[in-house]
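Naming convention: chains lettered A, B, ... in sequence-line order (proteins, then strands); numbering from 1 in each chain.
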Amino acid sequence: MSLARQDAVPTYVVYAASLIVGLMIWEVAAQQIPRIIFAPPSVVAVELYNGFASGKLVVAFAGSLAHLVLGFVLAVAVGVPLGFLVGRNRTAYYLLDPTISGIYAVPPIAFVPFMIIWFGLFFEARVALVFLMSFIEILVTVSAGARGIEQSYLDVARAFGARGRDALVKVMFPAVLPFVFTALRIGLVRAIHAMIVAELFFASANLGRVMKDAAQRFDTGGLLAVVVLLAVFGLIVQEVLKQIEARVIPWNMRD
Amino acid sequence: MHWLRNKWTLRALGIASALLIWEALGRTVGEALLAGPLLVIPELVELVADGEMPRELAGSLRQMLLGYVLACCVGMPVGVAMGRSRIFDAILRPWVNMLVVTSVASLVPLLIVMVGTGFGFRVLVVFIASVFYIVLTAYQGTRGIDPRWVGVGRSFNASRLRTFWRILLPASYPFLITGARIGLVQAIRGMVVAELYVLVGIGGLVNTAGLYISTANLLALMVTLMAVGVTANEALRYVGRRVAPWYEERYANGA
């Protein structure tokens, strides 16, 4: 925000300080309670290191990424064009909106038994769940964005003689891009969520298997290691998407 | 065919054709894979009449509401504080950003080790699922309050407390309400995640339904959950209009 005054201390220093202090509080607090209730960050760090050094977490994580990426790419490929159509075409909007809203209102996890019936317990089911959970989110966000394109943009384009394809490619696509990026960000959070849900609720696999094994040993360090891994992964992916967004649509950078 | 352009006609047409497609699909693949609406509706009536499902649902919703209200009580003040105080912002933002992308499902095995699978566990899952969305919405809303409004207050010599109560708080109502709506959606999702994992309440019923030969029972439960979600959202929209008549729908599109 332009009105915020410039700080002497850069923001990331403050954030780093907050994280360090927070980790210290967690460490001290966790030392007071039994390890099987909650592990301190030092233990989690060791777990993470061992997991990566032994390759156990790397293999599990790579396995998780397989269905995450496949499901998410499919969801983007279907969700973005369909969202654009539903948002821009009045007939399509009123025809499909009640059904979309209805499906959107069902907690996605309730589809788990269905996914098992249709796709079994393994890879296909995991891909399907990731697809379903991110697809609906992308569809809703993109269609809301496409509906909200300022009529004045289109009027100006028309006044300058842009028609059909031109108006579509030069005006509507750029206008809807910010929403596509928002949709990608929200969709990806949902996709990661679906990824771990699938691994815990279907036949346990990959990171979900690591978590279930750790839970059986009451190994809270091992559990938190996976949680931290997922959280950091989520943050990095968000940040990468933000950077791409800043490059692709520099005119629309909020913070 | 002017009437065909009417949005209510189109909506009705959309719902009717969705139901028809569903029924046709159901008849083609059989009720073991997908029961059509003609099978689901009687099943739903029976579920309601039987009394077990409404009882389980009421129990689930009670716990969900407790977790959700706690999340609102904590999330809203924290979000407002972060939005208006640079210190709170700096301290809490990295943690909130990290936790909001953390899937609550990935915390479920850990939470079970920590607090067991009882009442507290389910309330806690709902709380964690919704609180960070409530915080972030309140934060973004209060941070974006037009500084001129605060300036007007200062011109009229309003004290800090008065500025807060009379200007900042009313200006943030729309965002608090939006946050409450997003939070409620997440709370209901969290509720089903928790229950499907430990097999109690309506989530437990969903799991059992997944084992039946016919999917009619499962779909009836999903329709119930959908109705719960839609009702809850509409109720909060109504509250929003009553509490803050200046609450506009466009704020709600941030979801």
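Residues S103(B) and L230(A) form no side-chain contact, since every pair of their non-hydrogen atoms from C-beta on lies 4.5 Å or further apart. Residues I192(A) and V101(B) are not in side-chain contact: their nearest non-hydrogen atoms beyond the backbone lie 4.5 Å or more apart. A 4.5 Å side-chain heavy-atom check between T9(B) and Y94(A) finds every atom pair outside the cut-off. Residues H193(A) and V104(B) have side chains in contact (heavy-atom distance under 4.5 Å, counting atoms from C-beta outward).
Looking at Q238(A), the atoms closer than 4.5 Å to chain B (heavy atoms on both sides) all sit in the side chain, from C-beta outward. Interface residue L23(A): backbone and side-chain heavy atoms are both found under 4.5 Å from chain B. The parts of L19(A) that come within reach of chain B are both its backbone and its side chain, each placing non-hydrogen atoms under 4.5 angstrom from that chain. Using a 4.5 Å cut-off between heavy atoms, T99(A) contacts chain B through its side chain alone, with no backbone atom that close. Within the 4.5 angstrom heavy-atom criterion, no atom of V226(A) approaches chain B. Residue E195(B): no heavy atom, backbone or side chain, is found under 4.5 Å from chain A. Proximity to chain A is absent for every atom of A232(B), based on heavy atoms less than 4.5 angstrom apart. Both the backbone and the side chain of Y15(A) come within less than 4.5 Å of a heavy atom in chain B.
Of all the listed residues (P113(A), P34(A), A16(A)), the one sharing the greatest number of non-hydrogen pairs under 4.5 Å with chain B is P113(A).
For R189(B) and F111(A), the positive end is not near the middle of the six-membered ring at less than 6.0 Å and at most 45° from its axis.
Between L196(B) and the choices V197(A), V112(A), L200(A), the side-chain contact (heavy atoms from CB on, under 4.5 Å) rule is met once, by V112(A).
Within the structure, the ring pair (Phe, Tyr, Trp, His ring centres under 6.0 Å) test picks out no pair touching residues 204-232 of chain B (sequence neighbours left out).
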Assess whether side-chain contact (heavy atoms from CB on, under 4.5 Å) is satisfied between L10(B) and Y93(A), documenting all intermediate values.
CA-CA 9 Å; L10(B) 286 172; Y93(A) 176 77; over 6 Å; no

